Amino acid sequence: MSDPIIRVENLHKRFGDLEVLKRINLEVDRGDVVCIIGASGSGKSTFLRCVNFLEEPSQGKIYIEGQLMGFKELPGGELVKDSQTNINRMRAEIGMVFQLFNLWPHKTVLGNVIEAPMVVRKQSRDEAVAIGEELLDKVGILEKKDEFPSRLSGGQQQRVAIARALAMNPQIMMFDEATSALDPELVGEVLEVMRQLASEGMTMLVVTHEMGFAREVSDRVIFLHNGQVEEDTTPEAIFSAPKSDRTRQFLRKVLH
């Protein structure tokens, strides 16, 4: 067995007196699709943001491909914040797709996709354009490459956001409620792209309300409740025979 691509040890996150994440321990193997479900306010988005250090953990350690994320460990075990250069280097291995698309409104679709590879990965414009067009074709939106985001539907904008994240050739893709801001008829086109990525072996952490997607595509489903892992098991087990009362209550609400 190879080492896990993500390892989380005793993760806590506090905002003032509010403890949003408590004692989270989990591992994700390369190629796994892990869906994270739970009620609003259970800490799902904060967890993703801690993994790529958009939020600094209050306690605990996160390893990406065996490397400590966001901190350096001194010989005595004390953790000090790592350099921004190192944080950015590791963060470049993690593609993040948000609920709101966060596209640059002043750049075209293709401009959005090629910017980071040219600036961060130092790709030539020709190389970035070739890869960008290939990815826009992959997500089914190449014909819109010269449009500005304001001319696109929400589903189209989210597919551009996925292509933009993939353009950095990340090792891990994280989706934070990627479909929840979309009109219902547009959800399917984004989930289809995510299904395709999963079938190609991309490691994915997916915060979602789409229980059908979680059941069909994930290798594991994690149920977060009040900032803690209440259940971490196969989709078959969690949807057919959840062990926890809280999981049962949550699924009763969302599945009916």
Side-chain angles (χ1 to χ4, degrees), residues 5-6 30-31 33 48-49 51-54 64-65 67 69 83-183 185-207 217:
I5 191 167
I6 302 170
R30 190 177 299 278
V33 177
L48 286 195
R49 292 173 67 83
V51 171
N52 70 357
F53 215 73
L54 287 174
I64 306 294
E65 298 197 277
Q67 278 191 284
M69 179 63 160
S83 70
Q84 197 58 48
T85 303
N86 279 343
I87 292 169
N88 289 344
R89 179 180 53 77
M90 289 184 67
R91 198 181 274 154
E93 300 303 326
I94 305 172
M96 184 87 172
V97 179
F98 299 91
Q99 179 176 349
L100 299 172
F101 325 117
N102 291 359
L103 298 177
W104 289 301
H106 61 287
K107 289 186 180 291
T108 63
V109 162
L110 184 59
N112 266 278
V113 173
I114 67 175
E115 178 78 4
M118 292 190 332
V119 172
V120 180
R121 299 281 197 212
K122 306 294 187 235
Q123 283 178 2
S124 70
R125 184 178 178 84
D126 286 351
E127 185 185 6
V129 166
I131 293 169
E133 289 183 342
E134 191 179 311
L135 289 169
L136 288 171
D137 189 40
K138 179 189 182 86
V139 300
I141 205 163
L142 179 59
E143 76 282 0
K144 302 285 189 184
K145 69 176 184 175
D146 297 320
E147 298 277 9
F148 287 91
S150 60
R151 301 287 303 272
L152 305 183
S153 71
Q156 290 170 330
Q157 289 187 57
Q158 194 60 294
R159 284 186 281 156
V160 174
I162 293 171
R164 181 177 65 177
L166 289 171
M168 289 291 286
N169 195 25
Q171 299 301 306
I172 300 160
M173 282 287 285
M174 301 203 302
F175 296 85
D176 187 8
E177 304 280 17
T179 59
S180 63
L182 301 178
D183 292 334
E185 68 271 18
L186 303 177
V187 168
E189 64 191 57
V190 174
L191 290 180
E192 191 48 50
V193 173
M194 293 167 68
R195 278 191 192 92
Q196 185 184 346
L197 290 177
S199 72
E200 292 167 1
M202 174 63 78
T203 306
M204 292 165 59
L205 272 183
V206 183
V207 167
V217 178

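When a residue number appears, it is its place in the shown sequence, counting from 1. Not measured: the values here are computed from a predicted model.
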If every non-hydrogen atom of [X] is compared with every non-hydrogen atom of [Y], which pair is closest and at what distance?
{"X": "V120", "Y": "A92", "value": "CG1-CB, 4.5 Å"}
{"X": "A163", "Y": "L135", "value": "O-CD1, 3.7 Å"}
{"X": "L186", "Y": "G154", "value": "CD1-N, 4.0 Å"}
{"X": "L152", "Y": "E147", "value": "CD2-CB, 4.2 Å"}
{"X": "P170", "Y": "A165", "value": "CD-O, 3.4 Å"}
{"X": "L182", "Y": "G155", "value": "CD2-N, 3.6 Å"}

[atom1]-[atom2] distance between [X] and [Y], expressed to the nearest 0.5 angstrom:
{"X": "D176", "Y": "M96", "atom1": "CG", "atom2": "CE", "result": "5.0 Å"}
{"X": "M204", "Y": "F175", "atom1": "CE", "atom2": "CZ", "result": "4.5 Å"}
{"X": "E65", "Y": "Q171", "atom1": "CD", "atom2": "CD", "result": "4.5 Å"}
{"X": "E143", "Y": "D137", "atom1": "CD", "atom2": "CG", "result": "9.0 Å"}
{"X": "N102", "Y": "Q158", "atom1": "CG", "atom2": "CD", "result": "9.0 Å"}

Less than 4.5 Å apart, side chain to side chain, heavy atoms only: is that true for [X] and [Y]?
{"X": "V206", "Y": "M194", "value": "yes"}
{"X": "R125", "Y": "I114", "value": "yes"}
{"X": "I131", "Y": "N169", "value": "no"}
{"X": "V160", "Y": "P149", "value": "no"}
{"X": "V190", "Y": "V97", "value": "no"}

Any donor-acceptor pair under 3.5 Å linking the side chain of [X] with the backbone of [Y]?
{"X": "Q196", "Y": "L191", "result": "no"}
{"X": "D183", "Y": "E185", "result": "no"}
{"X": "N112", "Y": "W104", "result": "yes"}

Lys/Arg N to Asp/Glu carboxylate O, K145 vs E134, below 4.0 Å: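 Between E134 and K145 there is no salt bridge, as every charged N stays at least 4.0 Å from the carboxylate O atoms.
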
R121 bridged to E127 by N-O distance under 4.0 Å: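 Here R121 does not pair with E127 in a salt bridge, since their nearest N and O are not under 4.0 Å apart.
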
Any residue meeting ring-ring contact (aromatic ring centres under 6.0 Å, His included) with F101, in chain and number order, not counting sequence neighbours: none

Worked check of side chain to side chain contact (heavy atoms under 4.5 Å, CB included) between E177 and V207: CA-CA 5 Å; E177 304 280 17; V207 167; 3.8 Å; yes

Applying the side-chain contact (heavy atoms from CB on, under 4.5 Å) criterion to [X], which one of [options] satisfies it?
{"X": "I141", "options": "Q157, Q156, E189", "result": "Q156"}
{"X": "T203", "options": "M174, R30, M173", "result": "R30"}
{"X": "N52", "options": "I64, I172, I94, I87", "result": "I94"}

Partners passing salt bridge (charged side-chain N to carboxylate O under 4.0 Å, His left out) against K144 (at least two apart in sequence or in another chain):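 Here no residue qualifies.
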
For R164, salt bridge (charged side-chain N to carboxylate O under 4.0 Å, His left out) partners two or more places apart: none

